[in-house]
*Asks:* 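Have a look at this one before I ask anything.
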Amino acid sequence: MERESDVQLIQRILSGDEAAFSILVDKHQKGVHALAWRKVGDFHDAEEITQDTFLQVYKKLPTLKDPYKFAGWLYVIANRLCIDWIRKKNLAIQSLEDTPVEDIEKSSYTHHVLEQSEIASSEHRRELVKKLLAKLPESERTVMTLHYLGEMTVKEISKFLGVSVSAIHNRLYRARKRLQAQEESLVQEVLSSVQIPASVKQNIMRRAADINLTPPPASKPLLPWVAFGTAVVLVALLIGVSNQHLIRFQ
């Protein structure tokens, strides 16, 4: 059975169908998560950004003028939230400058011990993949991440980024050429194995249930105004003609 298009799902959501929003989240959450991870470099933070992205989508959906451009609109929202997250993180780092050195060292040591105790093979492999992707230009790195982590097709990436299908093909091809065969295989294997926790979607749906969608104001029908305007013009023309006749006979 063919999946419903974004436009069909949006129409259902705006009609009050919560199930349609659930389908929309399923359809796009891996792509959004992949973009967020690509931007912020942490899977857990990417999950938070993914949740916030879809809540923003749900709130602002009535304002989307062209549902056919949903993918690009979704990218703009997700990208803006990533930028906000990075800005807040940088501010948090700057605030450490006012913290006593002893506290920072103690916190760093505690964090280091905890980090070492929780390290697993999968985390190590993910770090390797991040280093491999760092060797690529940003445009190629983004496309490869969306393709393998986001499980997006070339056509879907094209709509998401607003770039032609041929350009996406070329970026993916160049990215694979830059990496050795075993490196590219590792990237594909590790990123394809990442699963978004079910709690992410559950949190989105739970929080979205508290949001009341405000439908866009209905536009006033133009026909009566057009008819009125036409009538005014006709009256003006008739008056003008009549005046010309009167002048002629005066």
Side-chain angles (χ1 to χ4, degrees), residues 2-41 43 45-88 138-169 171-172 196 200-219:
E2 186 178 352
R3 292 195 303 176
E4 286 184 278
S5 69
D6 291 338
V7 175
Q8 291 171 319
L9 290 171
I10 289 169
Q11 290 172 344
R12 286 175 54 191
I13 294 167
L14 294 178
S15 298
D17 189 342
E18 293 183 4
F21 182 59
S22 177
I23 296 171
L24 193 71
V25 173
D26 276 334
K27 190 175 179 182
H28 293 285
Q29 69 172 348
K30 285 190 75 73
V32 171
H33 181 260
L35 176 71
W37 177 74
R38 158 70 191 86
K39 296 284 185 179
V40 305
F43 281 105
D45 291 330
E47 290 167 12
E48 291 291 331
I49 293 172
T50 300
Q51 292 181 44
D52 291 342
T53 296
F54 281 101
L55 288 171
Q56 287 290 321
V57 165
Y58 191 71
K59 289 178 184 177
K60 297 179 179 180
L61 200 56
T63 68
L64 177 60
K65 295 181 180 179
D66 187 354
Y68 287 95
K69 296 181 179 179
F70 173 77
W73 184 68
L74 175 63
Y75 169 82
V76 170
I77 292 175
N79 189 56
R80 186 178 298 125
L81 287 174
C82 289
I83 293 171
D84 290 343
W85 184 93
I86 293 169
R87 185 181 296 116
K88 290 176 183 176
E138 182 176 351
S139 60
E140 296 173 15
R141 187 161 64 242
T142 297
V143 170
M144 182 161 275
T145 303
L146 292 175
H147 185 58
Y148 288 135
L149 179 58
E151 297 181 355
M152 299 173 72
T153 64
V154 169
K155 187 175 181 180
E156 289 170 340
I157 298 173
S158 169
K159 289 183 178 180
F160 192 52
L161 299 182
V163 181
S164 69
V165 171
S166 60
I168 300 300
H169 270 299
R171 291 178 187 180
L172 197 55
I196 301 178
V200 172
K201 180 183 171 184
Q202 291 168 358
N203 289 337
I204 292 171
M205 299 306 298
R206 176 177 52 79
R207 293 167 64 185
D210 297 329
I211 300 172
N212 293 320
L213 285 184
T214 305
S219 57

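The model shown is predicted, which means the values in this text are computed figures rather than measured ones.
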*Asks:* Counting only heavy atoms not in Lys69, do more than 12 sit closer than 6.0 Å to its NZ atom?
*Replies:* no
*Asks:* What pair of heavy atoms forms the shortest contact from Ala34 to Leu146, and how long is it?
*Replies:* CB-CD2, 4.0 Å
*Asks:* Of the non-hydrogen atoms in Val165 and Ser158, which two are nearest, and what is the gap between them?
*Replies:*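 Heavy atoms only, the tightest pair is N-OG, 3.6 Å.
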*Asks:* Does Ser5 offer a backbone N or O that forms a donor-acceptor pair with the side chain of Gln8 under 3.5 Å?
*Replies:*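 Here the side-chain-to-backbone pair exists.
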*Asks:* Considering all heavy atoms of both residues, which atom of Ser22 and which atom of Lys201 are nearest to each other, and what is their separation?
*Replies:* OG-NZ, 2.7 Å
*Asks:* Between Asp17 and Ile13, is there a side-chain heavy-atom distance shorter than 4.5 Å?
*Replies:*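 In short, these two side chains do not touch, never coming nearer than 4.5 Å.
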*Asks:* What are the two closest heavy atoms between Ala78 and Thr53, and how far apart are they?
*Replies:*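 Taking Ala78 first and Thr53 second, the nearest heavy atoms are CA-OG1, 3.6 Å.
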*Asks:* Might you point out which heavy atoms bring Leu9 and Lys27 nearest each other, and give the distance in Å?
*Replies:* CD1-CD, 4.3 Å
*Asks:* In the structure I gave you, are the side-chain heavy atoms of Leu74 and Asp6 within less than 4.5 Å of one another anywhere?
*Replies:* no
*Asks:* Using atom types as modelled and distance alone, determine if a side-chain donor or acceptor of Glu156 lies under 3.5 Å from a backbone N or O of Thr153.
*Replies:*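 Yes, because the side chain of Glu156 sits within donor-acceptor range (under 3.5 Å) of the backbone of Thr153.
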*Asks:* To the closest 0.5 Å, what do you measure between CD1 (Ile157) and CG (Leu35)?
*Replies:* 11.0 Å
*Asks:* Keeping the roles fixed (side chain from Thr50, backbone from Ala46), state whether a donor-acceptor pair exists under 3.5 Å.
*Replies:* yes
*Asks:* NZ/Lys60 to CG/Leu55 distance, rounded to the nearest 0.5 angstrom?
*Replies:* 11.5 Å
*Asks:* I'd like to know if Arg12 pairs up with Glu4 as an ion pair, taking the criterion as any Lys NZ or Arg NE/NH1/NH2 lying under 4.0 Å from an Asp or Glu carboxylate oxygen.
*Replies:*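 Result for this pair is yes, salt bridge flagged.
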*Asks:* Taking atom CD of Gln51 and atom CD of Glu47, what is their separation to the nearest 0.5 Å?
*Replies:* 7.5 Å
*Asks:* How long is the straight-line distance from CD1 of Ile168 back to NZ of Lys159, given to the nearest 0.5 Å?
*Replies:*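 Lys159 NZ to Ile168 CD1: 13.0 Å, rounded to 0.5 Å.
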*Asks:* Go through the steps to decide whether Met152 and His147 satisfy the test side-chain contact (heavy atoms from CB on, under 4.5 Å), and finish with yes or no.
*Replies:* CA-CA 5 Å; Met152 299 173 72; His147 185 58; 5.8 Å; no
*Asks:* If you round to the nearest 0.5 Å, how far is CD1 of Ile10 from CH2 of Trp73?
*Replies:* 7.5 Å
*Asks:* Please work out whether the ring planes of Phe43 and His33 are parallel, tilted or perpendicular, with thresholds of 30° and 60°.
*Replies:* parallel
*Asks:* Kindly compute the distance separating CZ (Arg171) from CD (Glu138), expressed to the nearest 0.5 Å.
*Replies:* 10.0 Å
*Asks:* So Ile23 and Asp26, do their side chains get closer than 4.5 Å, heavy atoms only?
*Replies:*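 No, side chains not in contact.
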*Asks:* Under 4.5 Å between any side-chain heavy atoms of Asp52 and Trp85, yes or no?
*Replies:*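 No, too far: nothing below the 4.5 Å cut-off.
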*Asks:* Assess the residue pair Phe70 and His28 against the criterion (ring-ring contact (aromatic ring centres under 6.0 Å, His included)); give the C-alpha distance rounded to whole Å, side-chain angles, the decisive distance to 0.1 Å, and a yes or no.
*Replies:* CA-CA 11 Å; Phe70 173 77; His28 293 285; 5.3 Å; yes
*Asks:* Below 4.0 angstrom, N of the basic side chain to O of the carboxylate: do Asp45 and Lys39 qualify?
*Replies:*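 No, Asp45 and Lys39 are not salt-bridged.
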*Asks:* Side chains of Glu140 and Leu172: does their closest heavy-atom pair fall under 4.5 Å?
*Replies:*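 Sidechains of Leu172 and Glu140: no contact.
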